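Heavy-atom basis, side chains included; hydrogens, waters and symmetry copies ignored. Not measured: the values here are computed from a predicted model. Proteins get letters first, then strands, A, B, ... in listed order; numbering begins at 1 in each.
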Amino acid sequence: MSRYNPKEVEPKWRARWDAAGAFRTSNDRKKPKYFVLEMFPYPSGRIHIGHVRNYAMGDVVARYKRACGFSVLHPMGWDAFGLPAENAAMQTGKHPRDWTLANIETMKEQLKSMGLALDWDREVATCNPDYYRWQQKLFLDFWKAGFVERRESYVNWDPVDMTVLANEQVIDGKGWRSGAPVERKKLSQWFFKITDKAEDLLAALDDGRLKGWPENVRLMQRNWIGKSKGLRMKFPFADGMKGPNGEDGLEVYTTRPDTLFGASFAAVAIDHPLAAHYAAKDKDLAAFIADCQKVGTSEEAIEKAEKRGYKLPLRIAHPFVDGRAFPVFVANFVLMNYGTGAIFGSAGHDQRDLDFARKYGLEVIPVVLPPGADPATFRVEDEAYVGPGTLFNSGFLNGLTIDEGIAAAIARIEEMGLGRGATNWRLRDWGVSRQRYWGCPIPAIHCEKCGVVPVQEKDLPVELPEVEASEFAIPGNPLTRTPEWLNVPCPECGGPGKRETDTMDTFVDSSWYFARFATRPETRPEGPVDRSDAGYWLPVDQYIGGIEHAILHLLYARWFTRAMKDTGHLSVDEPFENLFTQGMVTHATYRDEKGNWLLPEDVVVENGAARHAESGKPVAIGPIEKMSKSKKNVVSPEGIADKYGADAARWFMLSDSPPERDVEWTDAGVAGAWKLVQRIWDAVEPAEGALKRHDFSKPPAEADTPLRRATHETIAGVTDDIENFRFNKAIARIYAFLNVLKDAPPARREDGSPANGPRAEAYAQAEALGALVRLIAPFIPHLAEECWERLGGEGFVCDAPWPKADPALLVRSTLTLGVQVNGKRRAEIEVPASADNAAVEKAALSDPAVARHIDGLTLRKVVVVPGRVVNIVAN
RNA sequence: GCGGACGUGGCGGAACUGGUAGACGCAACGGACUUAAAAUCCGUCGGCCGCAAGGCCAUGGGGGUUCGAGUCCCCCCGCCCGCACCA
């Protein structure tokens, strides 16, 4: 027997596939179509093992669907704009474009070495002007359609470097380079008005349009969109006071108007107009606000910050209780962009309100009584009561449930003319402005006379100007320092204008790339997409990517698709018919004595202790985490492929862990996968030409053998597992089948009687091997091709039809059932599959072990679960 | 803090709508082959008691529903992901 050598075999088959154009998607629209797409990678430098997992999964689906007779589109591209390229420019002095393009080249080679069935002809890179010019066209169309708006919004501001920071560049509230505490700064920025479509984005989650999405992702999106019904109402100012612009009260939004009688304070956001008004006269308040501004813009940072407030010299009156009035605070936990930027606090029934009330010595008035509690003794101590109950201490609301109370309170407020029931969204409009060079330029020009005007379509693309690589070491956006690019005539009046220097969020780039893939490059139209091609291929039938994209990317792409439909580019409103979110690849983290992160390849682990491979110095083993460059817990697939081949790496990434769960990378795992590869080759090698010696449409007469049963059960099982994204189980099934194949005795019937001549035996073996090779082909395609050729299969195995299970061989004649006595398993019985419940019960009761356990007891009940188990209840 | 997942042998995991817990793989151990090693093959492999037959315990912890719970419900603990300028 010969050793299987992936180093020779794998490149050989890749070259043959290439030469035959095996994976170039045809424009043949007679076959049913199937568009399978994995989230395209950011070209960070090298492929890591997480990519291998993602793309191996997509490849299994693509190759499987192809075998099932679909015309499959399986393309690849690059999410090529973004911050890391500018960071690299700072560190290495390389231009972001050069760095990115070099990375793409490297990673493309690496991806190719995995043997993915990709149509590389359709490759796109978002940093290519060919791509982003059409994104600029879409931007202009959206602008015309009223989907785009400019408004003020906050950014993280580094006061030392005088530059805008991404959330990622804010570490513990400080600028990553300067170390200075980050401040918030208001800038005029571009927004996509995604909230205008909030209703439909939400509705589609539940009306069946996204039934191919995992429930948890739909739930997360539902919560993110966050539709709430509540009350927008005005609290009149007490003591005859007026607001800064003469208002007579404070407008708040609440989802719990039922708790109005428990109100003991109100609070406004630090950027609320009222706060600004008083801060103008009150230095301490101004200082308080400035202090609160020294926290990042991320919701997490705001929510985690200690709850703090500043009392305004202003009180508001309770709408229902004459003479009751309470204070108004400026508070850091109130968000300006939710509701009205002002709340009332009902401390008994909201934890944040309660914490705040305790801190500032405010009254806590419980108004919801838990079921069964005594109103005389019920107290709220450290924990707000947010459960169901009936209202008390609440005047006209007393005795009502929460829902009744909400309705009654809204009705009364509306009657009094103080407010109206209102729907509020948590979802905010999408701020797409980034004050950075390496992104798609926003096609707008600022003119002193005409204001902000769109670039004319004939002038697209607005290409990024050449700038020196050294520019990136200087804080701020290089685009603002490039006068020859910056200064252009106004397209409307011809007077002096300046280009918009903001570029687009890279999420814009990834919101429509799937549509760009629909057309072959040589027939791409003068436009973002070809309607006919997109109409044929979209929606994506199967989208696969990380769970970390569950909200932002997937929501933005859903909105973008709708916006493209509205502007006449597409005819669907949901881009992704089926979604699969795969888990991440994790690895232990390592740090040396000085706390520096170490690569796994530089660390030796023995008996649970780690040391540096070269110096031998001790290494601390940290928690198992998502692989990330910053913590260096990354594994390069190249070393793996070098040692074991791409097939083994693919096999390991798909075996063991369920695809939706995180998987920890281990060296032992790949070695095991490599053993499997060799095992399959060993089984196939001696059977040279076996497929040529049989007519598989005509099984021999005595055809019911254990091996044939196993073959057909495996075909049925693996098919079902692939359809349901249970690759780990498909693989376990293949192992089990190999065990049967290895031990396959001269073929016998199920009852053990020798039934077959050598011809039938050979038939069963050949059939088993032929099925095996086609079943493994989606997982380990190189080995499968080599085996297929060896067995004498026709053409490429990647073009061979998927094997079909013979239903007659899937039926069992006897069943093995467990027998329980009082829920504990005591025996096992074998019964004919046709036995009825009475016969099964009789067989169970007559089993000696069962008889022993029920001896002396009175039989109460016998539960027979057909095909499963018998439970005898006796005492 | 808010939202979403997850927790089963030494390890990754399997167990279909509540029905025989531990499939399959890895590691480990014992043996065969070999001058030796690698590779390969055969066997053992949740814990405890027992010569055995068999019994008891066991799915993060505690309670509940049920003839029957890894699976459903309540409480608690732990870990991971996302939180709008990372992609």
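Map A:Arg436 and A:Lys742 each onto its nearest nucleotide of RNA chain B; the residue landing nearer the 5' end is A:Lys742.
For the P atoms, the distance linking B:G7 with B:C16 amounts to 14 Å, nearest Å. Taking atom C1' on both nucleotides, B:C80 is separated from B:A69 by 26 Å, rounded to a whole Å.
Residue A:Asn739 is classed as a sugar-phosphate contact, given heavy-atom separations below 4.0 Å to backbone atoms only. Contact annotation for A:Gln189: base contact, defined as any heavy-atom pair under 4.0 Å involving a base atom. Contacts of A:Phe333 with the nucleic acid, taken as non-hydrogen atoms under 4.0 Å apart, are absent. Within 4.0 Å of A:Arg426, counting heavy atoms only, lies at least one base atom of the nucleic acid. Residue-level contact check: A:Gly431 touches the backbone only, with heavy atoms under 4.0 Å from sugar-phosphate atoms and none from bases. Among the heavy atoms of the strands, none lies under 4.0 Å from A:Ser655. The residue A:Gln169 sits apart from the nucleic acid: no heavy atom pair falls under 4.0 Å. Using a 4.0 Å heavy-atom criterion, one finds that A:His549 contacts the bases of the nucleic acid, with or without backbone contacts as well. Residue A:Trp430 is out of contact with every strand shown, counting any heavy-atom pair closer than 4.0 Å. Residue A:Ser510 is out of contact with every strand shown, counting any heavy-atom pair closer than 4.0 Å. Using a 4.0 Å heavy-atom distance criterion, A:Arg661 is classed as a sugar-phosphate-only contact. Here A:Asp79 lies in heavy-atom contact (under 4.0 Å) with sugar-phosphate atoms only. In this structure, A:Val865 reaches the bases: a heavy-atom distance under 4.0 Å links it to at least one base atom across the strands shown. Across all strands shown, A:Lys824 has heavy atoms under 4.0 Å from sugar-phosphate atoms exclusively, and none from any base.
Within the structure, every side-chain polar atom (N or O) of A:Asn223 is placed at least 4.0 Å from both OP1 and OP2 of B:C2.
In this structure, the ring of A:Tyr513 has its center no less than 6.0 angstrom from the ring center of A:Trp78. Taking the six-membered ring for Trp, A:Phe191 and A:Trp430 have ring centres at least 6.0 Å apart.
Annotation: side-chain hydrogen bond (donor to acceptor under 3.5 Å, both in side chains) contacts of A:Thr581 (sequence neighbours excluded): none.
Put simply, CD1 on A:Ile734 is 19 Å from P on B:G13, counting in whole angstrom units. The nearest whole Å value for the distance from the CZ atom in A:Arg825 to the C1' atom in B:G54 is 13 Å.
Stacking of A:Arg426 on the aromatic ring of A:Trp224 is recorded, both the 6.0 Å distance cut-off and the 45° axial limit being met.
Within the structure, salt bridge (charged side-chain N to carboxylate O under 4.0 Å, His left out) contacts touching residues 427-439 of chain A (residues at least two apart or in different chains) are A:Arg151-A:Asp429, A:Arg434-A:Asp505.
Across all strands shown, B:A52 forms no Watson-Crick or G-U wobble pair with both distances under 3.5 Å. Figure legend. B:U34 is base-paired to no nucleotide; pairs are counted as Watson-Crick or G-U wobble with both atom distances under 3.5 Å.
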